[in-house]
Each structure stands twice: as C-alpha cells, then as structure tokens.
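Shown next, in structure tokens, is the structure this report addresses.
In what follows, chains carry the letters A, B, and so on, assigned in the order in which the sequence lines appear, proteins first and then strands, with residues in each chain numbered from 1.
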There are 2 protein chains.
Amino acid sequence: MASVTSAKPPAVEDIAAQLTEAVLEHRLQPGAKLREDEVGEIFGVSRTLVRQALRAMAYEGLLTIEKNRGAFVAKPTLKEAREVFQARALLEPTTARAAAERTTDADIALLEQHIEEEHAALHRDEAGRALKLSGDFHLEIARIADQHTIEQFLRQLVARSSLVIALYWRRRNALCESNAHHALVDALRGGDGDSAEELMKGHLMDIFSQLDLRDRDEGTTSLKDALKR
Amino acid sequence: MASVTSAKPPAVEDIAAQLTEAVLEHRLQPGAKLREDEVGEIFGVSRTLVRQALRAMAYEGLLTIEKNRGAFVAKPTLKEAREVFQARALLEPTTARAAAERTTDADIALLEQHIEEEHAALHRDEAGRALKLSGDFHLEIARIADQHTIEQFLRQLVARSSLVIALYWRRRNALCESNAHHALVDALRGGDGDSAEELMKGHLMDIFSQLDLRDRDEGTTSLKDALKR
DNA sequence: CCACAGTGGATCGTATACAATTTGCGCTCA
DNA sequence: TGAGCGCAAATTGTATACGATCCACTGTGG
C-alpha cells in the first residue's frame with residue numbers, strides 16, 4: 001500500500017485517492033479486505049475519516065461494504081462486467097464524437113503524453129500502472145468533450161472496468177491497444193467526429209472481446225452451495 | 001418535512017430516503033439548507049447518521065456540501081441541466097428498446113398502476129408527488145431492462161432532472177406527458193423495441209424543450225466574475 | 001472422533017465530546 | 001456616520017468512547 005509521504009494532515013480525498021489508485025493498479029486485488037483501523041493507522045487518521053473514504057469508494061462501485069463485516073475490494077459478477085461495458089458502449093462513442101469538435105492543441109499534447117507514459121510504464125513492467133493510465137485516457141476524452149456528468153459516470157465505469165479486467169482478463173501478455181489510442185488521437189486532431197465515434201466503439205468491443213465472460217463457477221460463491229447436491 | 005412515523009430506529013437509508021423524497025417532490029427547494037442538528041433531531045438520531053445520509057445524497061447530486069458551511073439542496077446550473085438531459089438521451093432510448101424485449105405481464109400491470117397513481121396525484125393537486133412518480137416510471141423501465149448499472153445512473157439523472165424542473169420549468173400548468181408514458185407502455189406490451197426507443201427519445205426531447213434553458217443571469221454563479229470586467 | 005454449544009476477541013456501528021471554522025454583531029475610532 | 005476590527009455564537013470537522021455483532025476457537029458430550 002502507498003506510504004504516507006505528505007507532511008501532516010491527509011484529508012478524506014487523499015485517502016480515497018491513494019486507495020483508489022492501489023485498486024486501479026491492481027496492487028489491491030478484488031476481494032481484499034480493508035480494515036478501518038489498519039487503514040487509519042497507515043494514514044495517521046481516525047476511523048472517522050477512513051469510513052468516509054471507504055464509503056465514497058463504495059459509491060463508485062470499487063468497494064463492497066458488508067454490514068458488520070467490513071469493506072472489501074469489489075468482485076464484479078459476470079452480469080456486472082457485461083453491464084459495465086454495455087454502459088460504456090452507450091456513453092463513450094458519442095462522447096468521443098463530441099470531443100472531436102472541441103479538441104485543442106493542448107489537449108492533443110496531453111493525450112499524447114498520456115500514451116507516452118503508458119508506454120513507459122509497460123516498459124518498466126508496471127502493467128497495473130499502465131492500465132490505470134489507459135483508463136485515464138478515456139476520462140480525458142470525456143473532459144475534452146466538456147461533459148462533466150458523463151465524465152463522472154465514466155469514472156465509475158472505467159474504475160470498475162479495471163476490476164473486471166483483474167478478474168476476467170484472458171491473456172497475461174500485455175496490452176494490444178495502444179494503437180487504438182493513437183488512432184483515436186489522430187481522429188481527434190483531425191476533428192473527425194465520425195471516425196472518433198467509430199474508433200471508440202471498436203476499441204470498446206475489442207477490450208470486451210478479450211475478456212473471458214463465459215459462464216463459469218462464480219468464484220467463492222459458496223463452496224457450501226457447490227457441494228450441496 | 002416528513003414526520004418520523006416509524007417506531008424506533010431509523011437507519012441511514014431511511015433518513016436519506018425521506019429527505020430524497022422531499023427533494024424530489026419539491027417540498028425542499030433548491031438552495032435550502034439542511035442543518036445536521038436539525039435533521040438529526042427530526043429523525044431522532046445523532047449527527048453521525050445524518051452526515052452519512054447527507055453525503056450519500058451529495059453523491060447522487062441532490063445536495064451540495066460546502067466545507068464548513070453545510071449541506072444545501074443542489075441548484076443545477078444551465079450547463080448541468082443540459083448535461084443531465086444529454087446523458088439521459090444517451091442512456092434511456094436504448095434501455096427502453098432492451099426493456100421491450102423482456103417486459104412481462106406483471107411489468108405492464110405495474111407500469112399502468114404507476115401511471116394511474118401519477119394521475120391520481122395530479123388530481124389531488126400534488127404536482128410534486130406526480131413528478132416523483134413520473135420519474136419512478138423511467139426507473140422502472142431500466143429495471144425491466146435488467147440493467148442495474150444503468151438504472152443506478154438513471155436514478156441520479158432522474159433525481160437531478162427533478163431539480164432542473166424545479167428551477168427551469170416554463171409553464172406552471174400541469175403535465176402534458178402522461179400520454180407519452182401510455183404510448184411507451186403500449187410499445188413495451190407489444191415487444192416493439194423500435195417504437196419504444198423512438199418514443200423514449202421523443203419523450204425526452206419533449207421534456208427538454210419545455211425547459212427554459214436560455215442563458216440567463218446565473219444566480220449566485222460568482223458575483224465576483226460578473227463584476228470583474 | 002465428530003458435532004455442537006458457549007465464550008472471547010476482533011471488528012464494525014453509533015453516540016458523544018472536543019476542536020476548528022465560519023459568520024454575524026457590536027464596539028471603537030477616524 | 002461609516003468602515004474596520006474583534007469577539008462570541010452557531011455550525012461543521014474530527015477524534016474518541018462505548019455498544020453491538022460476527023466469527024473462530026475451545027471444550028464438552030454423545
């Protein structure tokens with residue numbers, strides 16, 4: 001878990017941000033438990049603030065809070081995994097189109113820097129970090145489109161996508177998609193809304209198709225039930 | 001504000017639910033302040049639970065929490081108002097189409113009952129209550145479509161729509177849309193996805209066009225900026 | 001040897017106490 | 001008279017204390 005480098009007073013958002021980063025980078029695996037005392041001790045705050053942070057993350061769908069049991073990194077079911085990408089498929093292509101109409105040179109530079117960092121992270125064998133940066137790329141497009149509401153929804157969906165990938169990713173070999181991001185930047189630079197929309201649609205389908213979402217034995221869905229017969 | 005009719009121990013969800021209902025029914029106007037002590041006294045709980053409820057509502061976009069100042073019923077800006085309906089336009093038509101494929105007789109009965117209640121509320125001159133029921137109708141469709149993730153997003157959007165309507169509704173005369181809901185039910189009953197999608201799209205455009213979203217002096221949107229020139 | 005009830009420790013849920021911040025009022029002084 | 005300073009009341013932010021719940025362990029009885 002991330003160390004506390006700040007001088008004195010970490011706020012709720014800091015706690016949530018660091019924990020979120022750890023989840024998105026797969027340093028905290030789905031199912032991992034986050035005890036309030038433990039987290040509080042790490043950040044040097046009382047449980048009050050920790051609870052706020054954990055609840056905020058639960059609202060984002062990153063954690064599951066079970067009454068009297070504690071907070072756990074969420075484990076999306078197959079159905080939830082499909083829903084996440086179905087929702088993204090509804091929101092992102094149109095948003096990419098809108099972004100194409102408004103992209104500035106500064107935006108392009110920022111996006112390219114993003115891709116660069118992602119590439120560098122991969123080179124350093126930091127797959128988790130690369131994945132997070134890849135997600136941020138998608139959020140950046142929503143920001144360019146100046147659609148704050150959709151951006152907030154996408155924040156949740158991208159985060160939950162990270163959990164889905166942690167659970168259902170097929171191959172272990174790295175990414176295959178930095179091309180897709182490059183192509184998107186080209187479309188945005190050219191102000192080509194049609195292409196941007198189509199590229200985004202295809203990109204999402206690509207990711208989705210690389211997940212293993214066949215029905216399977218649902219993990220820890222009760223050994224008891226499995227043996228009941 | 002709603003009285004506490006329950007016997008003994010109101011939980012966080014109860015508090016949030018009652019407050020939310022009050023906002024959706026316009027018994028609490030945008031800008032209204034919710035003091036923690038006051039709310040706590042009404043519900044007979046400590047500020048701890050009230051704070052949880054208020055934060056939950058803030059995540060839904062119903063309240064704005066200003067640090068050290070308190071919680072206020074949100075006042076969506078023009079931009080936010082537009083964004084809410086743009087997001088709904090992306091999510092709801094496709095969801096209505098999906099719902100048409102899965103609608104059962106029980107669903108139809110429930111939807112019709114909904115319309116009936118809405119009508120009755122209007123007859124009793126409870127415009128706020130009718131508005132809330134109208135929102136629930138839209139959520140019900142997402143539920144029928146079995147899209148839990150989208151339903152959650154829509155819950156936020158519908159709730160915020162209620163605030164938008166409180167602020168930007170043009171005419172004071174009642175509703176004009178119970179027809180639209182009837183037509184949707186017909187399409188769903190017939191399993192006609194195409195119609196359902198089109199009807200929903202038109203319905204949203206209708207509502208949107210009845211809002212007064214011309215640029216205007218944005219209330220408290222920073223006197224400072226307004227005087228800067 | 002296994003099943004099961006009792007018990008203790010760990011952990012979360014809620015209330016309360018205290019600290020920090022804001023805000024409005026009144027006082028002073030030019 | 002009016003502007004500015006400062007204090008006090010009100011309100012929120014954070015920490016801590018206490019109670020409730022869950023869970024694993026242990027010991028006993030069959």
Indicate yes or no for a side-chain donor-acceptor contact from B:Lys33 to the backbone of B:Arg69 under 3.5 Å, with no hydrogens or angles considered. yes
Would you kindly give the CG-to-C1' distance between A:Leu49 and C:dG13, to the nearest whole Å? 16 Å
Under 4.0 Å between any heavy atoms, over every strand shown, what does B:Arg51 touch: base, sugar-phosphate, or nothing? Just pick one. base
Atom pair CG/CG of B:Asp136 and B:Leu24 - distance to nearest 0.5 Å: 8.0 Å
Base, sugar-phosphate, or nothing: which does A:Arg35 touch, judged by heavy atoms less than 4.0 Å apart? sugar-phosphate
Consider side chain to side chain donor-acceptor pair (under 3.5 Å). Of B:Glu41, B:Glu36, B:Gln52, which one does B:Arg47 pass it with? B:Glu36
Between A:Thr48 and B:Lys33, the residue closer to the 5' end of DNA chain D by nearest nucleotide is B:Lys33
Compare the minimum distances between each of C:dC12, C:dA15, C:dT14 and the side chain of B:Val45, then state the nucleotide with the smallest one. C:dA15
Mind calculating the distance between CD (A:Gln52) and P (C:dC12) to the nearest angstrom? 16 Å
Return the value, rounded to whole Å, for the distance between atom CZ of B:Arg69 and atom C1' of C:dT21. 11 Å
Atom-pair distance (CG on A:Asp37; P on C:dA10), nearest Å: 11 Å
Under 4.0 Å between a side-chain N or O of B:Ser46 and OP1 or OP2 of C:dA15? yes
When rounded to whole Å, the CD to C1' distance for the pair A:Glu66 and C:dC12 reads 12 Å
Could you check how far CG of A:Leu54 sits from C1' of C:dC12, rounded to whole Å? 11 Å
Taking only residues two or more places apart in sequence or in another chain, which ones pass salt bridge (Lys or Arg N to Asp or Glu O under 4.0 Å) with A:Glu13? none
Rounded to whole angstroms, how far apart are CD1 on A:Ile65 and P on C:dT11? 17 Å
Say you draw a straight line from CG of B:Leu163 to CD of B:Gln29; how long is it, rounded to the nearest 0.5 Å? 9.5 Å
Taking B:Leu211's backbone N and O only, do any of them form a donor-acceptor pair with B:Arg170's side chain (distance below 3.5 Å, no angle check)? yes
Please check if any side-chain donor atom of B:Ser209 sits under 3.5 Å from a side-chain acceptor atom of B:Asp206, or the reverse. no
Quick one: A:Glu36 CD to C:dG13 C1', roughly how many Å, whole number? 9 Å
Interface limits on DNA chain D, where chain B has a heavy atom under 4.0 Å of a nucleotide atom: D:dT11 to D:dT14
N/O donor-acceptor pair, side chain A:Arg47 with base C:dG13, under 3.5 angstrom: yes
